[in-house]
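Data first, discussion second: the structure below is written as structure tokens.
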Amino acid sequence: MNTENINLPASFRVIGVGIGIEEVIKKVKSMELDGVSAEIADHSYDCTPNDEDTLAIIVFTDLENEANRIANTFHDAGVLTIGFSEDANTSCYDSVMLCDSRKEYPEIIKDLLQTIVTPCLISFDLEDLRTILRDSKYFTVRSTSGNDVKEATEKLGAIFSELELKYVEYLSIHLYFNPNRSTPLAMSEMASLQQLMSKLPETANVLWSVNHDENLNSDEIRLSTILAGQEIWRCQGI
């Protein structure tokens, strides 16, 4: 059980391509996540992988040819490459996010990166993320919160009940709590979450983590889950 992630990646890159994506990149920068850079690139020759790069998130709404070329360069270099756009060519990426709302991009990017760049009690590192998303083709993220673990878990269970989970190949659940909460988080509180995970399809490979988030209110608990798979788009409600 790790108390912090001491092996942070040399470079996680969030790359915005084209017009209209500036606000997303600005919000990602404002998060000040350790080891994460955010930039705008208009042409494929503006942005090439470095030896230190381990993960690249490509975000775009236009210039899809340039964006896909950039992604393909990173993917061919062995960098875990993730796409945020309905026009992403899946052959150029390890996985493409199923989400049409650009407003949701920053928080989803945070959900992907926060677990591997911030202190945690039960760790989820880059290799775990790679296990879930490497050549998975598609992924989606669902999040909820509650006043305690049980309430947040019940809400997540309600979300799962509306999805065709048989199409999920990999699933990760991440619990966040404020380390300065009035009462310390006890492992006994994890019973409801473990019970939910025990009901997931046996065909789904499940990973989980417990993380600090000082931005949460008081005793608030937040749960975020990443669902990935070649046919994840078949899930009801996605």
Side-chain angles (χ1 to χ4, degrees), residues 1-2 5 54-57 71 75 78-86 88-101 104 107-116 120-146 149-176 187 189-211 221-238:
M1 184 177 296
N2 297 329
N5 291 321
T54 54
L55 181 150
I57 297 175
H75 189 240
V79 177
L80 181 61
T81 308
I82 302 170
F84 276 66
S85 175
E86 60 182 10
N89 182 339
T90 56
S91 67
C92 300
Y93 302 80
D94 285 287
S95 199
V96 173
M97 173 65 193
L98 293 175
C99 175
D100 295 331
S101 175
E104 296 180 33
E107 283 304 313
I108 295 173
I109 290 172
K110 181 180 179 181
D111 280 335
L112 291 180
L113 298 177
Q114 187 175 5
T115 57
I116 52 182
C120 62
L121 293 179
I122 298 178
S123 69
F124 179 91
D125 58 22
L126 174 63
E127 289 308 310
D128 292 319
L129 186 64
R130 196 189 303 274
T131 295
I132 289 178
L133 296 183
R134 173 69 79 186
D135 295 326
S136 66
K137 199 169 184 179
Y138 298 106
F139 77 98
T140 189
V141 172
R142 293 289 186 273
S143 299
T144 188
S145 63
V149 177
K150 183 178 180 181
E151 181 181 350
T153 300
E154 288 175 348
K155 290 181 178 179
L156 185 61
I159 292 174
F160 283 173
S161 69
E162 297 179 354
L163 302 177
E164 293 279 357
L165 295 179
K166 65 182 180 181
Y167 296 110
V168 176
E169 297 174 29
Y170 290 92
L171 185 152
S172 64
I173 299 177
H174 310 284
L175 183 150
Y176 298 90
M187 290 308 296
E189 297 180 62
M190 298 296 108
S192 57
L193 183 58
Q194 291 172 330
Q195 185 178 20
L196 175 64
M197 289 190 290
S198 70
K199 296 179 180 179
L200 295 173
E202 293 183 0
T203 52
N205 296 281
V206 182
L207 295 87
W208 67 301
S209 69
V210 178
N211 312 271
I221 296 294
R222 184 168 72 89
L223 290 175
S224 175
T225 182
I226 304 171
L227 305 96
Q230 299 281 325
E231 296 184 290
I232 198 74
W233 52 272
R234 291 181 179 271
C235 282
Q236 207 173 22
I238 292 180

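Values reported hereafter were calculated over all heavy atoms of this structure, with side chains retained and with hydrogens, waters and symmetry mates removed. Just so you know, residue 1 is the first one in the sequence shown, and it goes up from there.
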Inset, instruction - List the atom of D135, the atom of Q230, and the distance in Å for their closest heavy-atom pair. - result: O-NE2, 2.7 Å

Legend entry - Test item: K199 and F160 side chains (from C-beta on) under 4.5 Å apart, heavy atoms: no

Legend entry - Taking every non-hydrogen atom, the tightest pair across E169 and E231: OE2-N, 4.4 Å

Inset, instruction - Assess whether side-chain hydrogen bond (donor to acceptor under 3.5 Å, both in side chains) is satisfied between T144 and R142, documenting all intermediate values. - result: CA-CA 7 Å; T144 188; R142 293 289 186 273; over 6 Å; no

Legend entry - Validation row: N211, H174 side chains within 4.5 angstrom (heavy atoms): yes

Legend entry - Side chain E164, main chain R234, donor-acceptor under 3.5 Å: no

Legend entry - side chain to side chain contact (heavy atoms under 4.5 Å, CB included) between W233 and K137, worked out: CA-CA 10 Å; W233 52 272; K137 199 169 184 179; over 6 Å; no

Inset, instruction - Start with the C-alpha gap between L227 and L163, add the side-chain angles, then the distance that decides, and say whether side chain to side chain contact (heavy atoms under 4.5 Å, CB included) holds. - result: CA-CA 11 Å; L227 305 96; L163 302 177; 4.2 Å; yes

Inset, instruction - State, with a plain yes or no, whether a side-chain heavy atom of M190 is found less than 4.5 Å away from one of L175. - result: yes

Legend entry - Validation row: Y138, T90 side chains within 4.5 angstrom (heavy atoms): yes

Legend entry - Among T81, I57, L133, side chain to side chain contact (heavy atoms under 4.5 Å, CB included) partner for Y93: T81

Legend entry - Student check: side-chain heavy atoms of V168 and C235 closer than 4.5 Å: yes

Inset, instruction - Looking only at non-hydrogen atoms, find the nearest pair between T140 and L98 and report the distance. - result: OG1-O, 3.7 Å

Inset, instruction - Please lay out, stage by stage, how I109 and M97 fare under the test side chain to side chain contact (heavy atoms under 4.5 Å, CB included). - result: CA-CA 10 Å; I109 290 172; M97 173 65 193; over 6 Å; no

Legend entry - Non-hydrogen side-chain atoms of I116 and E127 separated by less than 4.5 Å: no

Inset, instruction - Using atom types as modelled and distance alone, determine if a side-chain donor or acceptor of D94 lies under 3.5 Å from a backbone N or O of S136. - result: no

Legend entry - Candidate pair Y176 and T115, rule side chain to side chain contact (heavy atoms under 4.5 Å, CB included), full reasoning: CA-CA 9 Å; Y176 298 90; T115 57; 2.9 Å; yes

Legend entry - Residue pair D111 / S143, side-chain donor-acceptor N/O under 3.5 Å: yes

Legend entry - Close side-chain approach of S224 and V141, heavy atoms under 4.5 Å: yes

N/O donor to acceptor pairs below 3.5 angstrom from side-chain atoms of residues 149-157, sequence neighbours left out:
from	atom 1	to	atom 2	distance (Å)
E151	OE1	N147	N	3.0
E151	OE1	N147	ND2	3.4
T153	OG1	V149	O	2.7
K155	NZ	S145	O	3.0

Legend entry - Distance, nearest 0.5 Å, that separates CZ of R130 from OG1 of T54: 7.0 Å

Inset, instruction - Begin with the C-alpha distance, continue with both residues' side-chain angles, and end with the deciding distance and a verdict on side-chain hydrogen bond (donor to acceptor under 3.5 Å, both in side chains) for S123 and D125. - result: CA-CA 6 Å; S123 69; D125 58 22; 5.4 Å; no

Inset, instruction - Could you check if a side-chain atom of F124 sits within less than 4.5 angstrom of a side-chain atom of L129, using non-hydrogen atoms only? - result: yes

Legend entry - Distance-minimising heavy-atom pair for C99 and I108: SG-CD1, 4.0 Å

